[in-house]
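Structure, as structure tokens:
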Amino acid sequence: MSQGFELKKVTPHCGAEVLGIDLSQPLDAGAAAALQSALAQNCVLFFRNQKMSPEQHKALGRRFGELHLHPAWPRLVEGHPEIMEIYADDKSKRVAGEDWHSDVSCDPEPPLGTILHMHEVPPVGGDTLFASMYAAWDALSAPMQRFLEGMSAIHDGEYVYRGRYEGALEEGKVYPKSEHPVVRTHPVSGRKALFVNRTFTTRIVQLARHESDAVLGMLLEHLERPEFQCRFQWQPGSVAFWDNRCAQHHAMWDYYPNRRRGLRVTIRGDRPYFRP
Ligand code: SIN
């Protein structure tokens, strides 16, 4: 029998809380398939009061695909290069994910999803915002959708990562840069999702520079509209599992000088495509 769970939607477009599942236990095939489908529908899943060792965290991620190695992040858990430590305190100069983005969208095959397990939270603040890129796409007018279908955009890691993180080993390093469709078809749900973001996307390939700046600017403002979003207040033991193919997120760094610490595994994805 499959491990059962309940889903409670957070907002109409984005996010669902998953009740009645212990992520430290191996997921059976039925539960993994049901979670994969819930993820593709809701863009991000939230879990409370979870306890996972690094091995259990990696085993959970591997239920959905191979684990991804980040091209730049310098804080990795010793002995676990697949686990990123998300950390900020009074000495931090920046934090991960401070602006809207889809993780490492500069990769030729950007990550499918990310599982962040929060261990330490500030007294208040440090929420993460998520936004549905299905909702952002659906809300564009039909003429604008027709204009954008078939266009592609550059996602540039060099521009984002070079010099960004203290402690990153950069000598001889080449950061990924890729061209992806502006609107992608989600491989599980079959829905269309807008796939440009403020952090990585530098231009739309088919347009002149001034046209690209204007259209990209409009899209970035559009996709950040609050009606596409939900906001997650972390507690120690909370887990968020987001789908980078249809969601963007933004970590709030409003808790300085307090500390916040979590561990993250990222699951490898496939090459984005558009199917009309
Ligand atoms: C990230 O992985 O982009 C950071 C998310 C967060 O710290 O909430």
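- In this structure the side chain of Lys177 never reaches within 4.5 angstrom of the side chain of Cys106, judged on heavy atoms.
- For the atom pair CG (Leu207) and CG (Leu216), the distance works out to 9.5 Å, reported to the nearest 0.5 Å.
- Identified under the ring-ring contact (aromatic ring centres under 6.0 Å, His included) test for residues 5-44, with sequence neighbours left out: none.
- Residues Ile115 and Trp242 have side chains not in contact (no heavy-atom distance under 4.5 Å, counting atoms from C-beta outward).
- The two residues Phe64 and Ala32 come nearest to each other via the heavy atoms CE2-O, 3.6 Å.
- At a threshold of 4.5 Å between side-chain heavy atoms, the hydrophobic network of Ile, Leu, Val, Met, Phe, Trp and Tyr places Val160 and Ile154 in two separate groups.
- In terms of modelled atom types and a separation under 3.5 Å, the side chain of Tyr256 and the main chain of Asp90 share a donor-acceptor contact.
- Scored by the side chain to side chain donor-acceptor pair (under 3.5 Å) test, Lys51 finds no partners at all (sequence neighbours excluded).
- Taken to the nearest 0.5 Å, the CG atom of Leu39 stands 6.5 Å off from the SG atom of Cys246.
- A donor-acceptor pair is defined here as one N or O able to donate and one able to accept, closer than 3.5 Å; such a pair exists between the side chain of Thr11 and the backbone of Cys14.
- A donor-acceptor pair under 3.5 Å is absent between the side-chain atoms of Asn42 and the main chain of Leu45, judged by distance alone.
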Check against side chain to side chain contact (heavy atoms under 4.5 Å, CB included), Asn258 and Val121: CA-CA 8 Å; Asn258 290 303; Val121 295; over 6 Å; no
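- Take Lys8 and apply the side chain to side chain contact (heavy atoms under 4.5 Å, CB included) test, not counting sequence neighbours, and it matches Glu17, Leu19.
- Contacts classified as side-chain hydrogen bond (donor to acceptor under 3.5 Å, both in side chains) and involving residues 130-139 (residues at least two apart or in different chains) are given here: Tyr134-Ser189, Asp138-Arg191.
- A 4.5 Å side-chain heavy-atom check between Arg261 and Leu263 finds at least one atom pair inside the cut-off.
- Placement of Ile86 and Met252 in two distinct hydrophobic clusters is found when ILVMFWY residues are connected by side-chain heavy-atom separations under 4.5 Å, directly or transitively.
- The ring-ring contact (aromatic ring centres under 6.0 Å, His included) contacts involving residues 25-51 comprise Phe46-Phe130, Phe46-Phe232, where partners must be two or more places apart or lie in separate chains.
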Stepwise side chain to side chain contact (heavy atoms under 4.5 Å, CB included) test for Leu220 and Val196: CA-CA 7 Å; Leu220 296 178; Val196 290; 4.3 Å; yes
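- Using a distance-only test at 3.5 Å, with no hydrogens or angles considered, a donor-acceptor pair links the side chain of His101 to the main chain of Asp99.
- Minimum heavy-atom separation, Arg225 to Gln229: O-NE2, 3.5 Å.
- Between Phe200 and His180, the distance separating the two ring centers is not shorter than 6.0 angstrom.
- Interatomic distance, CD of Gln41 versus CG of Asp243, reported as 10.0 Å (0.5 Å rounding).
- Residues in residues 115-127 take part in these side-chain hydrogen bond (donor to acceptor under 3.5 Å, both in side chains) pairs, two or more places apart or across chains: His117-His119, Glu120-Arg259, Asp127-Arg231.
- Leu23 is not connected to Met118 by any chain of hydrophobic side-chain contacts under 4.5 Å among Ile, Leu, Val, Met, Phe, Trp and Tyr, and they are in different clusters.
- More than 12 non-hydrogen atoms from other residues, nucleotides or ligands lie less than 6.0 angstrom from CD of Gln235.
- Using a 4.5 Å heavy-atom cutoff, the side chains of Arg245 and Leu112 are in contact.
- The main-chain N or O of Arg48 is found under 3.5 Å from a side-chain atom of Gln50 such that the two form a donor-acceptor pair.
- Applying the side chain to side chain contact (heavy atoms under 4.5 Å, CB included) rule to Lys58 yields the partners Arg62, Leu67, His80, Glu82, Ile83, Val265; only residues at least two apart in sequence or on another chain are considered.
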Worked check of side chain to side chain contact (heavy atoms under 4.5 Å, CB included) between Val239 and Met52: CA-CA 10 Å; Val239 170; Met52 280 188 289; 3.9 Å; yes
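- Residues passing the side chain to side chain donor-acceptor pair (under 3.5 Å) test with Tyr175, sequence neighbours excluded: Glu170.
- Applying the side chain to side chain donor-acceptor pair (under 3.5 Å) rule to Arg264 yields the partners Asp103, Thr266; only residues at least two apart in sequence or on another chain are considered.
- Put simply, the side chain of Lys91 never gets that close to the backbone of Pro257: no donor and acceptor are under 3.5 Å apart.
- Looking at Ser102 and Pro110, their side chains never come closer than 4.5 Å, going by heavy atoms from C-beta outward.
- Arg275 CZ: 12 or fewer foreign heavy atoms inside a 6.0 Å radius.
- When side chains are defined from C-beta on, Tyr161 counts as touching Pro71, because their heavy atoms get closer than 4.5 Å.
- Side chain of Glu179 to backbone of Val205: no donor-acceptor contact under 3.5 angstrom is found.
- Glu66 meets the salt bridge (charged side-chain N to carboxylate O under 4.0 Å, His left out) test with Arg268; sequence neighbours excluded.
- Glu98 places a side-chain N or O within donor-acceptor distance of the main-chain N or O of Val95, the cut-off being under 3.5 Å.
- Both Met144 and Val183 are assigned to one and the same hydrophobic cluster, defined by single-linkage of ILVMFWY side chains at heavy-atom distances under 4.5 Å.
- Residues Asn197 and Met133 are not in side-chain contact: their nearest non-hydrogen atoms beyond the backbone lie 4.5 Å or more apart.
- The backbone N or O of Trp100 lies less than 3.5 Å from a partner atom in the side chain of Thr199, making a donor-acceptor pair.
- Grouped by direct or indirect side-chain proximity (heavy atoms under 4.5 Å, Ile/Leu/Val/Met/Phe/Trp/Tyr only), Phe195 sits alone.
- Shown here for His186 and Ala40, the closest heavy-atom pair between the two residues is CE1-CB, 3.6 Å.
- A donor and an acceptor atom, one from each side chain of Ser105 and His155, are located under 3.5 Å apart.
- Looking at heavy atoms from C-beta onward, Thr114 lies out of side-chain contact with Ile267 at the 4.5 angstrom threshold.
- Residues Ala153 and Thr201 approach most closely at CB-CG2, 3.7 Å, considering heavy atoms.
- If you chain together hydrophobic residues whose side chains sit under 4.5 Å apart, Phe274 and Leu148 fall into the same group.
- Listed here is the closest heavy atom pair of Thr185 and Gly190: CG2-O, 3.8 Å.
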Stepwise side chain to side chain contact (heavy atoms under 4.5 Å, CB included) test for His222 and Leu140: CA-CA 9 Å; His222 167 78; Leu140 289 171; 3.6 Å; yes
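- Scanning all heavy atoms of the two residues, the minimum distance from Ala38 to Leu7 falls at CB-CD1, 3.7 Å.
- Annotation: salt bridge (charged side-chain N to carboxylate O under 4.0 Å, His left out) contacts of Glu211 (sequence neighbours excluded): none.
- Side chain of Ser212 to backbone of Ile204: a donor-acceptor contact under 3.5 angstrom is found.
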